[in-house]
Number of protein chains: 2
Amino acid sequence: MSLKLYQTISHRKRNMLQSLIPTNWRLRPPSRPLPLDLRPLVAESNILTPTELSITSSHDATSLSALIRSGELTSEAVTTAFCKRAAIAHQLTNCLSEILFLPALEQARAVDAEHHRTGKTRGPLHGMPISLKDTFKIKGIDSSIGMTSLAEKPARENAALVDMLLEQGAVLYCKTNVPQTLMGLDSNNHIIGRTLNPRNTLVTAGGSSGGEGALLAMRGSILGVGTDIGGSIRIPAMCNGLYSIKPSSQRIPFSGQEIGQLPGTEDVGLHASAGPMATSARDCELFLETIANAKPWENDPRVAFGTWDSQGELGTKPLFGVLRTDGITTPLPPVAKVLDEVVQTLRQRGTEVVDISAPAFKHCQPLANAFFSIDGHNHTFDLLESTDEPLIPWLSTRLTRRPPMDLSQVRDLHVRKAALEKEMLGIWKDEKGRTIDAVICPVAPHPLPGIDKWNGVGYTSAFVLLDYPAATLPVRDFNESDMQDEIEPGLEILGGWDKRNRELWTGSSETVDRAIYLDTKLSVQIVAPRLQERRLYQALAYVDTLVKQTS
Amino acid sequence: MSLKLYQTISHRKRNMLQSLIPTNWRLRPPSRPLPLDLRPLVAESNILTPTELSITSSHDATSLSALIRSGELTSEAVTTAFCKRAAIAHQLTNCLSEILFLPALEQARAVDAEHHRTGKTRGPLHGMPISLKDTFKIKGIDSSIGMTSLAEKPARENAALVDMLLEQGAVLYCKTNVPQTLMGLDSNNHIIGRTLNPRNTLVTAGGSSGGEGALLAMRGSILGVGTDIGGSIRIPAMCNGLYSIKPSSQRIPFSGQEIGQLPGTEDVGLHASAGPMATSARDCELFLETIANAKPWENDPRVAFGTWDSQGELGTKPLFGVLRTDGITTPLPPVAKVLDEVVQTLRQRGTEVVDISAPAFKHCQPLANAFFSIDGHNHTFDLLESTDEPLIPWLSTRLTRRPPMDLSQVRDLHVRKAALEKEMLGIWKDEKGRTIDAVICPVAPHPLPGIDKWNGVGYTSAFVLLDYPAATLPVRDFNESDMQDEIEPGLEILGGWDKRNRELWTGSSETVDRAIYLDTKLSVQIVAPRLQERRLYQALAYVDTLVKQTS
């Protein structure tokens, strides 16, 4: 039987990717069933030297970049270590979409030589390997976003952020896997396959920046850039126990990305954001501050003017708000519990936290959803059909070709959006009229679920609709005692989403084994007003410090 | 013959407006033909006391507001003076659309009492009378924007900026006239009639913020707020010899305005801006700084975060660029000449100015025009027909009902816009890669033309498309010697717009009497990159100072 076009392209693409992993970085076929936690396999492979293990394991980007700038480490050494580790991570988790190891090492040597010659570095990211989600176009490289119709069509120019990172001396060594079409919360497609969660292969690695999340969790990268239009940075960050910030859409250059939409779609709909995913809060600042101070508005006309210092600040005695529910899906017991633990920690340390009610919150997710289907997914289906590519199973029950909206329908969406934006402004003042510095809320209404089980993005997509910057903060692991908590008897079921969400805890036809959640990370989301990324970062760091002191 | 509905409404509305002018502020019917320059009639009317004449004639808003805050003048005294002068201005030029004298005087007494009681003022605008274009909704007052179908429908709530101005202690005493539908460059409609240019009734007062322009030229206001989506602040500012700044669209709260479009239209198209019109450059700063520092993003979710200090700054040794043509309409001799005079003045004083070529500039105006007709003007015609209102003569040959664009057409406009935005970024660097601090260019390709003769908005609408802040700077009067300059023989005619523009200088079937331009103000436009209003203001003040030193 002859292969369909999409299969031919997939095979070729996969083989090409495989061929770009040097043979001595290849793992021996596993002689035993793989463990749930894939991370220990890195050291066991003996591919990395002890120094390389230390480089990739013992730092965050902030400390590592300081060592490069001081000359204690070369970019070449650091890049080699991360290339090796990324190669291993990919072989175990399917986290990469493009491999650029050879050009990256050349680039690393070039920035090292420049450093040596001039005695100067280009800035905080000088010589730092940085991983990028597949959406970012790099000249000569594909941005196939998990669709064969977009594969083997190398980009003609760099995305604006790629140019900026290169100007800053960063080293680009790989791009990371995404769901077919980007419209998924688990990163699976017919080209690369499914990205696994390195820490627990039974649960999802998240999406759409899922490859990025898994790569970072494997420490095959120390600083990655994802994109988010419904939760696509924050969801995989939660899945992989990472810090992340989804900025407001005008903060980080976004132009020159492949997003699988007809050009101009975002301009009549919602705008996605690019932002950092990292292993520490301060690495999010490292990225955002470096880009902000490199005048990104001179590279991408859609970026708002404003250096890092002019992106807001946390009050000296900050007041936090807590939003315990989006009004659509009541958080399951462990999610409500960890949120409350954070609130109690803050209060115990003398920081005031007030409960916020936001009746408009529940209208955000349905509206965001409507915006996502302005085109009726026609372009997506056109792309798929051009190579006979079927939808992946998860999407096949969710995505259908529909008539595109007409202009008056789109206008109406914007009218509803403007009303919600106005109403939601109210969450930034408490009842006494005091300014609320930042809001804490869940990332999702459930802990980290099984593969393809993520349920709803109301807690994340709302802040795309509103264009608020939002961060994830990993708090603690789900533990045995969390398994014992039950949903309050008689608690109203709010609707279909809420019902399905409950099934992740109580089961439906089949019983849920809550043990699946063990050792997965419980996270909270922190949110600030639009275009106040520095205020958000300071809130994230503030809460992180208090939470860490406690744990 | 019975009156048509629009006539009935017009009469009622006009009578109502007339009735709000106190009888002792009414002018005696003129016993002689009115002079070309209406301004001297204010003093001749003897309606204002010598003190009131001084208050309205001898200050800008900055000095006047200082006197109110120091207690040397009360808001009541200042408001009374401007109400009187506005009443006279309206009787002579048809510049008002709504009169709020009585509530304004009450408001003035209230802020005076607060000042007296607390010893404090609410800020720089405390007690200051400020005039607003008719588009700004004030609770209980019409925003009819020159259309009878929108008359007698008092607003249910204040526009966001109105709320902010009131919080700042400003006194709102009138709204000002606009063209029917706002889509005109001369402010004429069936309700109020045509606004005249106070300085020379033979030339246009401009539009769409034409009432605002005329009122300021009569000094019936000292600080006004207009709106601009094609040039509607800058054109009447030029017509009336005023300073003005059209900010980027996200700077000044715009929500809650009547713009005669279906809700949501701007969200799929171009966004208008609100900005100051004034008699000094520093009054533009007074307005922009006061609003920026009052956290407008907390009142209107569409406003970008950023206090005045974070809106950019001029380099210590600024480099200016000069754009001498938009590539569509070659400036007529006096326009090219005054632009060059400004350039020479800067150079003589040691400030570098480089010539810029921007091939993309000529594509901006056609694209902006396409954006303006997304709806095919159907809503406009629906509104007009609902009261049997005909188009005003100027619009009747320009506006037709067309099929609205479909979504794919609108997307295509945005794709073209993004490409132009990117290409135009190039104007902010010179050939050596140095930053150009601000760009100087014409406001229009012609001097101030006769009524209904404004030709083309390429020089102004481009900076709405690109969302760059742009200012007008009045330079000098057109004089006898300017009349002698001829268009370079053999100069190519660039197209229809250029041909019509030339006719304003050389005539066509009829000979042009260039004497019409005598004593009208020649202005230049100054432009800065997006969201850098402070940089723009500083550039405006810088050039203004050098030009004034010379003249």
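Computed from a predicted model, the values in this text were never measured in an experiment. Throughout, a chain's letter reflects where its sequence line sits, starting with A, and its residues are numbered from 1.
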Next item on the list: Considering only NZ, NE, NH1 and NH2 on the basic side and carboxylate oxygens on the acidic side, decide whether B/Arg401 and B/Glu385 come within less than 4.0 Å.
Entry: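 Yes, charged N to carboxylate O under 4.0 Å.
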Item checked: Pair A/Glu114 + A/Arg122: basic N to acidic O under 4.0 Å ->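 The answer is yes: the pair qualifies as a salt bridge.
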Within the structure provided, determine whether [X] and [Y] are in side-chain contact (heavy-atom separation under 4.5 Å).
X        : Y        : result
A/Asn369 : A/Ser461 : no
B/Lys246 : B/Val464 : yes
A/Ile229 : A/Glu266 : yes

Notebook entry, point to check: Hey, which of B/Asp300, B/Leu425, B/Val268, B/Asp375 has the most heavy atom pairs under 4.5 Å with chain A?
Noted result: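 Result: the option with the highest number of such pairs is B/Leu425.
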Next item on the list: Name the member of B/Lys422, B/Arg302, B/Glu298 that forms the most heavy-atom pairs with chain A at distances under 4.5 Å.
Entry: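 Most heavy-atom pairs under 4.5 Å with chain A: B/Arg302.
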What part of [X] gets within 4.5 angstrom of chain B, counting heavy atoms only: side chain, backbone, both, or neither?
X        : answer
A/Pro263 : both
A/Ile374 : both
A/Trp297 : both

Going by residue number, which parts of [range] are within reach of chain A, meaning a heavy-atom gap below 4.5 Å?
range                       : answer
residues 407-415 of chain B : B/Leu407, B/Val410, B/Arg411, B/His414, B/Val415
residues 358-365 of chain B : none
residues 306-317 of chain B : B/Ser310, B/Gln311, B/Gly312

Could you give the distance from [atom1] ([X]) to [atom2] ([Y]), rounded to the nearest 0.5 Å?
X        : Y        : atom1 : atom2 : value
A/Phe305 : B/Arg251 : CZ    : CZ    : 8.5 Å
B/Leu166 : B/Leu161 : CG    : CG    : 9.5 Å
A/Thr227 : A/Gln257 : OG1   : CD    : 5.5 Å
B/Asp163 : B/Gln168 : CG    : CD    : 12.0 Å
B/Lys429 : B/Thr435 : NZ    : OG1   : 3.0 Å

Next item on the list: Take A/Lys137 and A/Glu157 through the side chain to side chain contact (heavy atoms under 4.5 Å, CB included) test and state the conclusion after the steps.
Entry: CA-CA 7 Å; A/Lys137 286 191 187 162; A/Glu157 53 183 12; over 6 Å; no
Checklist line | side chain to side chain contact (heavy atoms under 4.5 Å, CB included) evaluation trace for B/Val439 with B/Phe463 | finding: CA-CA 11 Å; B/Val439 166; B/Phe463 304 122; 5.7 Å; no
Margin query: Using the ring-ring contact (aromatic ring centres under 6.0 Å, His included) criterion, which residues pair with B/Phe254? Sequence neighbours excluded.
Written below: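 Per chain and number, B/Phe254 pairs via ring-ring contact (aromatic ring centres under 6.0 Å, His included) with no residue.
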Check: Backbone N or O of B/Pro469 within a donor-acceptor pair of the B/Glu533 side chain at under 3.5 Å?
Finding: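 Checked: no pair found.
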Checklist line | Side-chain donor or acceptor of A/Arg535 paired with backbone N/O of A/Asp437 under 3.5 Å | finding: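 Side chain of A/Arg535 to backbone of A/Asp437, a donor-acceptor pair under 3.5 Å: yes, one is there.
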Margin query: I need the residue from A/Met405, A/Arg416, A/Gln250 with the largest number of non-hydrogen atom pairs under 4.5 Å to chain B.
Written below: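 Max contact count across the listed options: A/Gln250.
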Next item on the list: Could you give me the CA-CA distance, side-chain angles and deciding distance for B/His377 and B/Met183, then say whether side chain to side chain contact (heavy atoms under 4.5 Å, CB included) is met?
Entry: CA-CA 10 Å; B/His377 304 306; B/Met183 287 177 278; 3.7 Å; yes
